[in-house]
Amino acid sequence: MNNKEIADIFQEIAVYLEMEDDSFRAKAYEKVAGILEDSSEEAGDIYKKGGLKALEDIPGVGVSIAEKMEELLKTGKLKYYEQLKKKTPVDLGQLKSIEGLGAKTIKTLYKKLKVRNLNDLEKAAKQGKIKNLEGFGEKSEENILKNLEFSKKSSQRFLLGQIIPLAREIELRLKEMKEVKNAVACGSVRRKKETIGDLDFLVISNNPKPVMEMFVSMPEVSRILAQGQTKSSVRFKNEMDADIRIVPEESYGAALCYFTGSKDHNIALREIAIKKGWKLNEYGLFKGDKMIAGKTEEEIYEKLGMDYIEPELREMTGEIEASLAHKLPKLINYGDLEGDLHVHTDATDGNNTIEEMARAAMALGMKYIVIADHTKRLAMTRGLDEKRIQQQWKEIDLVNKKLAAGDSKFVILKGTECDILKDGSLDLPDKILSKLDIVSVSVHSLFNLPEKEQTERIKKAISNSNVNILNHPTGRMINKRDAYAVDMDEIIRHAKKTGTVLEINSFPDRLDLKDEYIKKCVEAGVKLSISTDSHSVQHLPFSEYGIAQARRGWATKNDVINAWPLEKMLKMLK
DNA sequence: GCCGTTTTCGGCCCGACTGTTTTCAGTCG
C-alpha cells in the first residue's frame, strides 16, 4: 500500500469523523493524509526500516494513527475504516468531488434519501426530493445540479501534472526494451496542455510484437480495447485511455508530428503540402510516391517553407502564419528560470522550513527564492501578521548568513503573499510592505463579487506602489471551479500602467494565468513571473508546468522577470 | 488524535459567505 492509498483512506476517515462532529480528530487524519501525499518517502519503507516507532516520528502521526498505518501496510485493510464505511456506505471520493457537498450534507442525503453516489444524487435532485429536506431549498438543489454538471464536464480530463509522471514512467519502460529504438509520449502531453484526455505513445521498433505485449499487460491496464501489429489501445484503471503506435524509423518525424497534433494544426500542415502538390501523413511528406521528408519534424517544416514550431504552439492560434513569415518568438526554455518568486514555509501552511525550501531550490539549480507566506486574513493558514513577518525576516537573515558561510551565492529574499481585502486594501500595512524585497498580492476570498467590483478591487490592490506581482490572477482551479468574474483585459491594462507583474502560477491545478491571457500580456508588454507556489519541497519542480504554460502563451525569456539575472529583475520592479 | 520555548491537558487557524433560516449550520479557503 503506497502513500497515496493510505492518504485517501485517511481523507475518508476525516470526512466520516466530520459527520460525527468530531472535527479535531478529523483534522488530525486530514493533516497526516496531506503529509503522506506530499512526502517523497513511502510510509511502507519507513515502517520496514524502523517499525511502528519510525511511523510515529512522521509529523502529525501519534500512537493511534501509527497503529492504523501499520495495519494498512500489513493487511491492506483497516477495521476502523471498514466500520465507518459500514455505518455510512457512500462513495465519498465521488460525492466529495462535488463542490458544496461536505460531510454533513453527504450524511443527510444518505440518511434521508439513501444517496450513495453521484447517480443517486442526480436522481434525487432531478426528482426534486432534495429541496424538500429540512435545511435545503430550491437553491441548494439547483446548486447541486449545477455542480454535478460541472464535475461531469471536467472529470474526463486529467491534470498535466498528474499525468506527466505516469507518461514519463511508461516512456522509460518502453525505451528500456531491447526491441525499442525510441519511445515518446505525444498528443496533448507533448503539447503540455493543462489537462490531458488520453495518452499517445509513439514507438520506433522493428519488432513490434513484444512491445505490444508489454504495453497491454502493464499493471495500470484494466482493459484492452484493441491490440494489433502497429497500434493498440488500452484503458487504465484510472479511467484514462492510452494508445500506442509503432512506426519504422524513417517515419519518426512525420509520425511524431501526426501524433502530437493538435488535429487542426495537422490539417493546416497538410493543406500547405497539398498546395505544393504533395501529401503529408503519419509516414512522411510525399511527392507522388517519393518520400521527401519524414525522419525528423524539423525537415518536414523546412520542406513546407516553415520555421520549426514548438509542440506547445501547435494550437492554431496564429503559429502557422507566424512560422511561414519566420516571425515565431524564441520561447522561454525549460531551465531558464533563475529563481522562484512564490514559496511558502511552515510559518503558515507550508510543510518545510525556510532553510529546507532554500536548499531544495538550490539543488534544482535556482539562484534565489522569495519567501511569500500568507497573511493574517487567511486565518486557516495561520497567516502572518505584522509582528510575525518581522520575526520571519530575522530567520531569513540567519539562514542567508549560514548559506553564505557555506560559500553559497544562493539568496533568500523577503516577500509576502499578501491578501487583498474586500475593498482592495491590503492585509499588511504599507510600512511593512515597503520593507520587503518583493510584494505579491492575492485574492483568496469573495470569489463571487460582481465583475465590476472584483475588477476594481484588484485594480486598487495593484495600484499600491509597494505591490510588484499579482498572484494567480483569475483564481480558477482546474476541474474544480471557474475563474472569478474579472475583466482581465482591464487588469492587464492596469498592470501595464502600474508596472505590475502578473504571475503564472505553476501549481498543476491552477496554471493561472492561462495561455490566452499570457499571450495578451506578452502583446501588451506586461511582464510575467513563473512561480511554483510551493507548499513543500516536493512542489518546487512544478516550475516545469509554469514554463510550459508560458511557452503555450508565446512568452520569451524577456517576458519573464525571474528568467533574468536577479540584479536586473530587482531593478525593474517598481 | 496530536502536541508542547504559555506544555502532558486543553487547546486545536477562523472569518465570511450561502442558503437556509429568524440566529445558524455547512462549506470553503
Side-chain angles (χ1 to χ4, degrees), chain A residues 9-11 13-36 55-69 78 80-81 84 92 95-109 111 125 130-147 344 346-350 373-385 388 391 395 417-423 427 442-450 453-454 457 471-472 475-477 480-482 484 505 507 509-510 512 533 535:
Chain A
I9 288 174
F10 284 180
Q11 204 75 60
I13 290 174
V15 180
Y16 281 128
L17 291 169
E18 202 75 65
M19 288 181 189
E20 307 304 329
D21 252 331
D22 199 349
S23 59
F24 291 123
R25 199 169 270 135
K27 285 262 158 59
Y29 279 96
E30 217 170 82
K31 187 177 165 200
V32 175
I35 285 168
L36 286 177
L55 290 178
E56 276 181 55
D57 286 336
I58 299 171
V61 176
V63 181
S64 175
I65 291 189
E67 277 172 1
K68 291 190 174 65
M69 288 171 78
L78 181 59
Y80 178 59
Y81 170 64
L84 292 168
L92 284 180
L95 293 171
K96 270 292 278 179
S97 75
I98 303 298
E99 236 200 332
L101 283 200
K104 299 291 168 59
T105 313
I106 291 171
K107 187 183 178 187
T108 309
L109 290 175
K111 291 275 178 243
I130 292 175
K131 64 169 181 279
N132 295 328
L133 295 178
E134 201 183 338
F136 293 72
E138 288 282 353
K139 271 276 169 100
S140 2
E141 196 169 76
E142 230 172 77
N143 277 337
I144 285 176
L145 281 169
K146 220 167 62 190
N147 292 334
H344 293 273
D346 58 3
T348 60
D349 58 348
D373 268 320
H374 291 291
T375 54
K376 59 184 185 293
R377 162 62 186 73
L378 213 53
M380 60 149 328
T381 68
R382 285 194 312 129
L384 302 180
D385 58 17
R388 285 181 64 215
Q391 205 157 356
E395 289 171 43
E417 177 176 15
C418 187
D419 251 62
I420 300 176
L421 306 181
K422 183 172 184 183
D423 63 354
D427 200 22
S442 298
V443 168
H444 287 124
S445 61
L446 299 165
F447 297 133
N448 56 346
L449 290 182
E453 207 175 320
Q454 192 72 277
R457 175 192 186 194
N471 292 326
H472 42 74
R476 65 99 173 246
M477 302 275 266
K480 196 160 176 207
R481 66 160 190 247
D482 288 324
Y484 34 72
N505 189 295
F507 224 79
D509 63 355
R510 281 196 185 270
D512 181 8
D533 201 353
H535 286 68

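Order of the sequence lines sets the chain letters (A, B, ...), proteins ahead of strands, with each chain counted from 1.
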* Give the intermediate values and the outcome of side chain to side chain contact (heavy atoms under 4.5 Å, CB included) for residues Glu20(A) and Arg25(A). => CA-CA 10 Å; Glu20(A) 307 304 329; Arg25(A) 199 169 270 135; over 6 Å; no
* For Asp22(A), which contact category applies under a 4.0 Å heavy-atom criterion: base, sugar-phosphate, or nothing? -> nothing
* Thr348(A)-Asp373(A) side chain donor-acceptor pair, cut-off 3.5 Å -> yes
* To do: Rounded off to whole Å, could you give me the CD1-to-P distance for the Ile58(A) and dC3(B) pair?
  => 11 Å
* NZ (Lys139(A)) with more than 12 external heavy atoms under 6.0 Å -> no
* Whole-Å distance separating the CD1 atom of Ile35(A) from the P atom of dC3(B) -> 9 Å
* Separation of the C1' atoms in dC12(B) and dG19(B), to the nearest angstrom -> 28 Å
* Asked: Does dG1(B) have OP1 or OP2 sitting under 4.0 Å from an N or O in the side chain of Arg25(A)?
  -> yes
* What is the distance from CZ of Phe136(A) to P of dT20(B), rounded to the nearest Å? -> 9 Å
* Please state whether the rings of His535(A) and His344(A) are parallel, tilted or perpendicular, taking 30° and 60° as the class boundaries. => parallel
Close N/O contacts between protein and nucleotides 25-29 of chain B (under 3.5 Å):
{"residue": "dG26(B)", "atom": "OP2", "partner": "Lys104(A)", "partner atom": "NZ", "Å": "3.4"}
{"residue": "dG26(B)", "atom": "O3'", "partner": "Thr105(A)", "partner atom": "OG1", "Å": "3.0"}
{"residue": "dT27(B)", "atom": "OP1", "partner": "Gly102(A)", "partner atom": "N", "Å": "2.5"}
{"residue": "dT27(B)", "atom": "OP1", "partner": "Gly102(A)", "partner atom": "O", "Å": "2.9"}
{"residue": "dT27(B)", "atom": "OP1", "partner": "Thr105(A)", "partner atom": "N", "Å": "3.0"}
{"residue": "dT27(B)", "atom": "OP1", "partner": "Thr105(A)", "partner atom": "OG1", "Å": "2.3"}
{"residue": "dT27(B)", "atom": "OP2", "partner": "Ala103(A)", "partner atom": "N", "Å": "3.4"}
{"residue": "dT27(B)", "atom": "OP2", "partner": "Lys104(A)", "partner atom": "N", "Å": "3.1"}
{"residue": "dC28(B)", "atom": "OP1", "partner": "Gly100(A)", "partner atom": "N", "Å": "2.9"}
{"residue": "dG29(B)", "atom": "OP1", "partner": "Arg481(A)", "partner atom": "NH1", "Å": "2.8"}
{"residue": "dG29(B)", "atom": "OP2", "partner": "Lys480(A)", "partner atom": "NZ", "Å": "3.4"}

* Interatomic distance where CD1 belongs to Ile13(A) and P belongs to dG1(B) [whole Å] -> 9 Å
* Starting at NZ of Lys31(A) and ending at P of dG1(B), how long is that distance when rounded to a whole Å? -> 15 Å
* To do: Check every atom of dC17(B), dG19(B), dC2(B) against the side chain of Ala28(A) and return the nucleotide holding the closest atom.
  => dC2(B)
* Asked: Is there a donor in the side chain of Thr108(A) and an acceptor in the side chain of Lys104(A), or the other way round, less than 3.5 Å apart?
  -> no
* Residues in ring-ring contact (aromatic ring centres under 6.0 Å, His included) with Phe447(A), at least two apart? -> Tyr484(A)
* Separation of dC12(B) C1' from Leu17(A) CG (nearest whole Å) -> 15 Å
* **dT21(B) versus dT27(B) - spacing of their P atoms, nearest Å** => 16 Å
* Could you tell me whether Glu134(A) contacts a base, only the sugar-phosphate backbone, or nothing, with contacts defined as non-hydrogen atoms closer than 4.0 Å? => nothing
* Asked: Which whole number of Å gives the distance between the P atom of dT20(B) and that of dA25(B)?
  -> 16 Å
* **Nearest-angstrom distance, C1' atom, dC13(B) to dC3(B)** => 15 Å
* So, is Lys68(A) close to the dG1(B) phosphate, meaning a side-chain N or O under 4.0 Å from OP1 or OP2? -> yes
* Asked: Any side-chain donor-acceptor pair under 3.5 Å between Arg457(A) and Gln454(A)?
  -> yes
* **dT8(B) versus dG15(B) - spacing of their P atoms, nearest Å** => 27 Å
* Hey, mind stepping through Glu453(A) and Lys422(A) against side chain to side chain contact (heavy atoms under 4.5 Å, CB included) and telling me if it holds? -> CA-CA 9 Å; Glu453(A) 207 175 320; Lys422(A) 183 172 184 183; 4.0 Å; yes
* To do: Round to the nearest Å and state the distance from Phe24(A) atom CZ to dC9(B) atom P.
  => 19 Å
* Asked: How far, in whole Å, is dG29(B) from dT23(B) if one measures between their C1' atoms?
  -> 24 Å
* Asked: How many Å lie between NE2 on His374(A) and P on dG15(B), as a whole number?
  -> 17 Å
* With a 3.5 angstrom cut-off on both distances, give the Watson-Crick or G-U wobble partner of dT8(B), or none if there isn't one. => none
* What is the nucleic acid contact for Val32(A), judged by heavy atoms within less than 4.0 Å: base, sugar-phosphate only, or nothing? -> nothing
* If each of Glu141(A) and Gly62(A) is mapped to the nucleotide of DNA chain B with the nearest heavy atom, which maps nearer the 5' terminus, i.e. the 5' end? -> Gly62(A)
